[in-house]
Amino acid sequence: MPRYAQLVMGPAGSGKSTYCSTMTQHAEALNRSVQVVNLDPAAEHFDYPVMADIRELIQVDDVMEDDSLRFGPNGGLVFCMEYFANNFDWLEESLGHVEDDYILFDCPGQIELYTHLPVMRQLVEQLQQWEFRVCGVFLVDSQFMVESFKFISGVMAALSAMVSLEIPQVNIMTKMDLLIDSATNKKYLDPDMYSMMEDSSHTIRSTKFKKLTKAICDLIDDYSMVRFLPFDRTDEEGINIVLQHIDFSIQYGEDLEVKEPKEGDEEPSNLNYDEIFQDTSGS
Ligand SMILES: Nc1nc2c(ncn2[C@@H]2O[C@H](COP(=O)(O)OP(=O)(O)OP(=O)(O)O)[C@@H](O)[C@H]2O)c(=O)[nH]1
Ligand SMILES: [Mg+2]
């Protein structure tokens with residue numbers, strides 16, 4: 001039986017930890033068991049129960065305080081992640097060998113991890129060796145998406161993770177509840193890059209920059225490479241749609257056995273459907 005994993009990625013503060021806690025609560029309501037692993041060595045607090053925490057292996061503070069290393073916070077984090085990549089035994093031990101488990105990995109917010117460092121890719125390959133089907137979940141804060149330039153840079157970050165990890169990826173726009181003018185901003189979810197460029201072309205003065213922007217827009221548009229699903233932590237229906245997309249991409253549920261109803265769950269034999277329909281048609 002396969003195992004299932006979501007790699008929850010995205011820039012700093014995009015809502016990764018909130019996503020993990022919202023998703024576990026949602027899964028609990030659906031009677032599904034979903035667990036979370038914290039992979040952020042600099043995490044201070046999160047409000048979900050963890051099955052494993054990278055801080056048991058290494059902490060950024062210790063790396064920064066170490067006299068022989070002398071890293072700052074960013075270099076320290078990269079060091080921690082490289083140390084983690086050399087010690088996957090720790091993760092294997094923490095995860096155990098449970099068939100059919102479903103795990104969310106709450107990753108750090110450093111964008112370098114998704115653009116050019118090899119750690120995330122190594123993690124994906126390792127998880128696949130342990131029979132996990134992995135879906136990348138890339139979060140971008142909706143507050144950065146209301147302007148075309150910022151939007152393009154968010155799209156490029158998502159695309160870069162997609163290309164370097166080579167796994168199915170679902171892109172999510174978080175904090176949708178904070179958008180004031182949600183109708184106009186919906187265009188960012190499934191963007192038409194040409195019109196987006198036109199919106200902002202008057203602010204671009206350099207012709208070279210204009211040409212580069214157009215080339216990037218062409219590329220994204222031609223291949224319809226990036227779409228976003230909206231995520232509002234207060235909207236159960238929306239959360240369910242996101243979960244369904246992710247489940248579909250890793251074929252969750254296809255191998256599950258059909259559960260026989262328990263005796264107590266049977267329909268009462270005296271249920272009279274005719275009466276029910278008469279009641280509703282009469283009202
Ligand atoms: N209104 C609103 N706020 C949110 C939502 N999701 C996250 N936030 C807030 O955004 C801030 C950052 O959220 P986190 O979940 O810590 O983000 P993160 O990506 O884990 O951050 P780092 O781990 O530091 O990279 C917190 O103050 C959250 O309360 C949301 O859907 N709506
Ligand atoms: Mg976090």
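Order of appearance sets the numbers: ligands from 1, and atoms from 1 within every ligand. The residues of the chain are indexed from 1 along the displayed sequence.
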### Query
Looking only at side chains, do D101 and Q35 share a donor and an acceptor under 3.5 Å apart?
no
### Query
Is the closest protein non-hydrogen atom to atom 4 (C) of ligand 1 under 4.0 Å?
yes
### Task
State whether K16 and D141 are salt-bridged, where the test is any N-O pair (Lys NZ or Arg NE/NH1/NH2 against Asp/Glu carboxylate O) under 4.0 Å.
no
### Query
What atoms of ligand 1 come closer than 4.0 angstrom to any heavy atom of D177?
1 (N), 2 (C), 30 (C), 31 (O), 32 (N)
### Query
At what distance is the nearest protein heavy atom to atom 23 (O) of ligand 1, and which residue and atom is it?
D40 OD2, 3.6 Å
#### Entry: Identity and distance of the protein heavy atom lying nearest atom 25 (O) of ligand 1
K16 NZ, 2.9 Å
### Task
Could you tell me whether a side-chain N or O of S142 sits under 3.5 Å from a main-chain N or O of T174, the two making a donor and an acceptor?
yes
### Task
Under 4.0 Å, heavy atoms only, figure out whether ligand 1 is touched by the backbone of D232, its side chain, both or neither.
neither
### Task
Measure the distance from atom 29 (O) of ligand 1 to every protein heavy atom, then report the residue, atom name and distance (to 0.1 Å) of the closest one.
R233 NH1, 3.8 Å
### Nearest non-hydrogen protein atom, atom 15 (O) of ligand 1
T18 OG1, 2.5 Å
### Query
Numbering the atoms of ligand 1 from 1, which are under 4.0 Å from a heavy atom of G109?
25 (O)
### Query
Mind checking whether P230 and M176 have side chains closer than 4.5 Å, heavy atoms only?
yes
#### Entry: L178 touching ligand 1 at heavy-atom level, < 4.0 angstrom
yes
### Query
Taking the six-membered ring for Trp, are Y48 and F46 parallel (under 30°), tilted (30 to 60°) or perpendicular (over 60°)?
parallel
#### Entry: Pair R32 + E28: basic N to acidic O under 4.0 Å
no
### Query
Should Y19 and V242 count as side-chain neighbours, where that means a heavy-atom distance under 4.5 Å?
yes
### Query
Quick one: does G15 get an N or O within less than 3.5 Å of an N or O on ligand 1?
yes
### Task
Look at T18 and state whether any of its N, O or S atoms is less than 2.8 Å from the Mg ion (ligand 2).
no
#### Entry: Close N or O approach (T174, ligand 1; < 3.5 Å)
no
#### Entry: Least distance between heavy atoms, S160 atom then T115 atom
OG-CA, 3.4 Å
### Query
Going by atom types only, do Y4 and Q251 share a side-chain donor-acceptor pair under 3.5 Å?
no
### Query
For ligand 1, is there an N or O atom under 3.5 Å from any N or O atom of K175?
yes
### Task
Looking only at distances, please establish whether an N/O atom of ligand 1 is found under 3.5 Å from an N/O atom of G13.
yes
### Query
Would one find an N or O of D106, backbone or side chain, under 3.5 Å from an N or O of ligand 1?
no
### Task
Indicate yes or no: does an N/O atom of S17 lie under 3.5 Å from an N/O atom of ligand 1?
yes
### Task
Answer with yes or no after comparing the ring centroid distance for F88 and F84 against a 6.0 Å cut-off, counting only values under it.
yes
### Query
Within a distance of under 4.0 Å, is there any protein heavy atom near atom 8 (N) of ligand 1?
yes
